[in-house]
Amino acid sequence: NAGVTQTPKFRILKIGQSMTLQCTQDMNHNYMYWYRQDPGMGLKLIYYSVGAGITDKGEVPNGYNVSRSTTEDFPLRLELAAPSQTSVYFCASIEPDVTLNTEAFFGQGTRLTVV
Amino acid sequence: LAKTTQPISMDSYEGQEVNITCSHNNIATNDYITWYQQFPSQGPRFIIQGYKTKVTNEVASLFIPADRKSSTLSLPRVSLSDTAVYYCLVGTSGGSYIPTFGRGTSLIVHP
């Protein structure tokens, strides 16, 4: 299993440009999450999904959109990039089960710079 | 989700045991306690999870007192490679589980 795969690893955007951060997991997990992490800070939740076709906002959703058409993929869309969106973005997945497992698996991150 | 409080930073030396304590006064009956480790430029990695008493795996031990209002992550004989940020989370996988991360504890291990 590859686990959670994020692409690209690095990207530089100009203000006003758009891009999609890709996230794919091969563990058949229903729950998926997008976080951003600014320097020296913890992870802030942008959006999450509890299954295909279901998404919901997290703590900092403004400026982002998501979709979840399949169990495997959970892309994050930036429509009009702003310098405030310069950050490292992490995708994660989990499959809560009858054992109350709370182990989340994270991708390696996408480092985005908006200039 | 129950809010957690942990020290911002800690320093240690190679070979020492490190204990990082996390406070979670409002933990709910069904909540589990989970710890993650994050190296620079990497995503967080699961270390250990527990509900009560003591849990041990090949990486760490987790001590949880009877009232469950706090927990302590114990790293035996740390090395330089244990330098990382450690996060304490509480929550239950029932319903919509959302791992919520605070600022974590930045552990620096010195030679």
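Convention: sequence-line order gives letters A, B, ...; per-chain numbering from 1. This is a predicted model, so every value here is computed, not measured.
- Ring centroids of B/Phe101 and A/Phe106 are separated by less than 6.0 Å, placing the two rings close together.
- Annotation: B/Tyr51, atom OH; neighbour count of heavy atoms from other residues, nucleotides and ligands within 6.0 Å is above 12.
- Criterion: ILVMFWY side-chain heavy atoms under 4.5 Å apart, direct or through other members. Under it, A/Tyr64 and A/Val88 are not part of a common hydrophobic cluster.
- For the set B/Pro44, B/Ser106, B/Gly104, B/Gly43, the count of heavy-atom pairs under 4.5 angstrom toward chain A peaks at B/Pro44.
- Interface remark: A/Glu59 contributes no atoms to any contact with chain B (heavy atom separation under 4.5 Å).
- A continuous path of Ile, Leu, Val, Met, Phe, Trp and Tyr side chains, each step under 4.5 Å between heavy atoms, connects A/Met32 with A/Leu76, placing both in one hydrophobic cluster.
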* To do: Check the pair A/Leu43, B/Tyr87 against side chain to side chain contact (heavy atoms under 4.5 Å, CB included), reporting the backbone distance first and the verdict last.
  => CA-CA 10 Å; A/Leu43 284 73; B/Tyr87 298 95; 4.0 Å; yes

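- Taking a 6.0 Å sphere around CD1 of A/Ile12, one finds it holds 12 or fewer heavy atoms contributed by other residues, nucleotides or ligands.
- By the 4.5 Å heavy-atom criterion applied to side chains, A/Phe90 and B/Gln42 are not counted as neighbours.
- The two residues A/Tyr35 and B/Pro99 make their nearest non-hydrogen contact at OH-O, 2.5 Å.
- Of the two parts of B/Ser41, the backbone and the side chain both hold a non-hydrogen atom closer than 4.5 Å to a non-hydrogen atom of chain A.
- Considering every non-hydrogen atom in both B/Gln49 and A/Glu103, the closest pair reads OE1-N, 4.1 Å.
- Linking ILVMFWY residues whenever their side-chain heavy atoms come closer than 4.5 Å, directly or via other members, places A/Tyr89 and A/Leu13 in the same cluster.
- Closest approach of A/Tyr33 to B/Ile98, counting heavy atoms only: CE2-CA, 3.9 Å.
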